[in-house]
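Read through the structure below, which is laid out as structure tokens, and then see the notes.
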2 protein chains.
Amino acid sequence: MLSKKTKYALHALTYLAKKDANEPTLILEIAENSRIPRKFLESILLDLKKQGILNSKMGKGGGYFLRQTPAQIQISTIIRLFNGPIALLPCVSLNYYQRCDECTDEMTCGLNKVFIDVRNETLRILENKSIQDIVNQEL
Amino acid sequence: MLSKKTKYALHALTYLAKKDANEPTLILEIAENSRIPRKFLESILLDLKKQGILNSKMGKGGGYFLRQTPAQIQISTIIRLFNGPIALLPCVSLNYYQRCDECTDEMTCGLNKVFIDVRNETLRILENKSIQDIVNQEL
DNA sequence: AATTCATGCTATCAAAGAAGACAAAATATG
DNA sequence: CATATTTTGTCTTCTTTGATAGCATGAATT
């Protein structure tokens with residue numbers, strides 16, 4: 001399951017995607033409309049900024065706004081960022097690979113093989129979904 | 001990601017699937033060969049027994065053995081049992097449904113719609129995988 | 001000076017992971 | 001038949017980890 005953080009991130013991005021990308025939106029506005037704890041949301045938006053997905057402007061008239069188009073922001077990217085690996089086992093993760101302690105030899109591990117397969121198919125699905133798809137569903 | 005418990009369960013089942021289903025296997029044998037903490041494994045096997053996937057025999061010559069064929073044991077079943085929902089959001093889970101607090105109206109939530117889609121496709125993959133598939137990979 | 005983002009720290013809570021002690025059941029043996 | 005041995009079953013506790021959330025303070029812009 002996705003963590004709340006991930007869900008909040010997706011909600012916030014969807015909210016921003018529906019607004020004019022040239023007008024910064026206040027954190028507070030996003031927080032209230034998307035029902036996200038304000039302080040928690042701050043750290044989420046900051047992470048998104050560091051990843052180049054959002055940009056922000058300080059001072060009066062400031063706020064956050066999209067730096068990429070909604071169609072460019074893949075859901076898989078957001079999940080990886082806030083939820084970690086998409087793969088179901090560390091030993092089959094592309095971006096967060098880690099050896100399994102139990103497993104002597106990955107070459108002969110049936111679990112490994114089967115879950116590489118699952119990962120590939122899952123990625124095919126998730127990489128075809130973007131924030132734009134979420135927005136489209138809400139119209 | 002799958003919990004260790006889930007991974008252990010899959011390993012243990014794979015181990016048992018490779019043995020004669022009529023001869024009970026000792027917990028200790030499974031634990032050592034699959035590198036699973038013994039006591040932790042006990043509780044896992046017990047859960048599998050309660051679900052009708054395994055059966056056990058006490059006393060000398062006792063142990064655990066499969067009650068279903070490896071092909072009958074779907075990986076999705078084991079994941080649900082030890083890892084919880086397969087869906088990525090509580091509001092799109094078939095077996096563990098829960099409303100989202102943030103979300104006023106599921107009908108208009110774009111996230112909901114998109115992740116129902118993801119869930120359906122994920123299930124299509126996982127329900128086609130069984131313990132037999134893992135065993136086959138190891139031969 | 002007011003507004004807004006940026007950063008770091010702390011507290012809380014729940015769940016996962018692991019291990020020990022003792023109980024119950026089945027079998028073997030004399 | 002009685003008892004010892006083997007093996008699973010149950011219960012309890014401990015440690016570790018991660019998610020969630022809130023607070024306090026600093027820095028930048030208008």
Side-chain angles (χ1 to χ4, degrees), chain A residues 1-12 16 23-32 34-51 53-67 79 81-85 88-90 96 98 100-102, chain B residues 1-12 16 23-32 34-51 53-67 79 81-85 88-90 96 98 100-102:
Chain A
M1 300 270 282
L2 300 182
S3 67
K4 284 198 181 180
K5 200 166 183 177
T6 312
K7 217 191 324 179
Y8 289 160
L10 291 171
H11 276 298
L16 286 173
E23 280 181 18
T25 305
L26 292 187
I27 292 181
L28 197 63
E29 181 186 333
I30 307 172
E32 285 178 350
S34 301
R35 305 191 177 178
I36 304 172
R38 192 238 163 105
K39 271 309 202 177
F40 205 15
L41 179 58
E42 277 187 31
S43 72
I44 291 168
L45 295 177
L46 211 53
D47 284 346
L48 288 168
K49 182 181 173 181
K50 283 178 190 158
Q51 294 297 316
I53 295 166
L54 293 183
N55 212 341
S56 68
K57 201 181 153 191
M58 278 185 162
K60 189 156 193 171
Y64 276 95
F65 50 96
L66 291 189
R67 200 168 173 178
I79 293 182
L81 186 53
F82 293 103
N83 218 65
L88 291 176
L89 295 179
Y96 296 84
Q98 257 187 314
C100 287
D101 324 323
E102 322 86 64
Chain B
M1 300 272 281
L2 300 182
S3 66
K4 284 198 181 182
K5 202 166 182 174
T6 311
K7 216 190 327 179
Y8 290 160
L10 292 171
H11 275 299
L16 286 173
E23 281 182 16
T25 305
L26 293 186
I27 292 180
L28 196 64
E29 181 187 334
I30 306 172
E32 285 178 350
S34 300
R35 306 190 178 179
I36 304 172
R38 194 241 162 105
K39 268 310 198 179
F40 203 19
L41 179 58
E42 277 189 33
S43 72
I44 292 168
L45 296 176
L46 213 54
D47 283 346
L48 288 168
K49 181 182 174 181
K50 283 178 189 155
Q51 293 297 317
I53 295 167
L54 293 182
N55 212 342
S56 67
K57 204 180 152 192
M58 278 183 162
K60 184 150 196 172
Y64 276 94
F65 50 96
L66 292 189
R67 201 167 171 179
I79 293 182
L81 186 53
F82 292 103
N83 218 65
L88 291 176
L89 295 179
Y96 296 82
Q98 258 188 313
C100 287
D101 324 324
E102 322 86 65

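A, B, ... follow the sequence lines: proteins, then strands. Residue 1 opens every chain.
- Between the CZ atom of A:Phe65 and the P atom of C:dT4 there is a distance of 15 Å, rounded to whole Å.
- Using a 4.0 Å heavy-atom distance criterion, A:Leu28 is classed as making no nucleic acid contact.
- The salt bridge (charged side-chain N to carboxylate O under 4.0 Å, His left out) test applied to B:Lys39 returns B:Glu42, not counting sequence neighbours.
- Closest approach of A:Ile27 and A:Leu41 over heavy atoms only: O-CD2, 3.7 Å.
- In this structure, A:Ser3 and A:Phe82 approach most closely via the heavy-atom pair OG-O, 4.0 Å.
- Under the rule for a salt bridge (charged side-chain N to carboxylate O under 4.0 Å, His left out), the partners of A:Lys4 that lie at least two apart in sequence or sit in another chain are B:Asp101.
- Contact record, B:Ala31 with B:Arg38: CB-CA, 4.1 Å, taken as the closest heavy-atom pair.
- The side chain of B:Leu26 lies closest to D:dT7 when the candidates are D:dT7, C:dT4, C:dT27.
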Where along nucleotides 6-19 of chain C does protein come under 4.0 Å, by heavy atom, of base (B) or sugar-phosphate alone (S), with - for untouched nucleotides? BB---------SSB

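- Surrounding CD of B:Gln98 are at most 12 heavy atoms belonging to other residues, nucleotides or ligands under 6.0 Å away.
- Protein atom CD1 of A:Ile27 is 14 Å distant from nucleotide atom C1' of D:dA28, rounded to whole Å.
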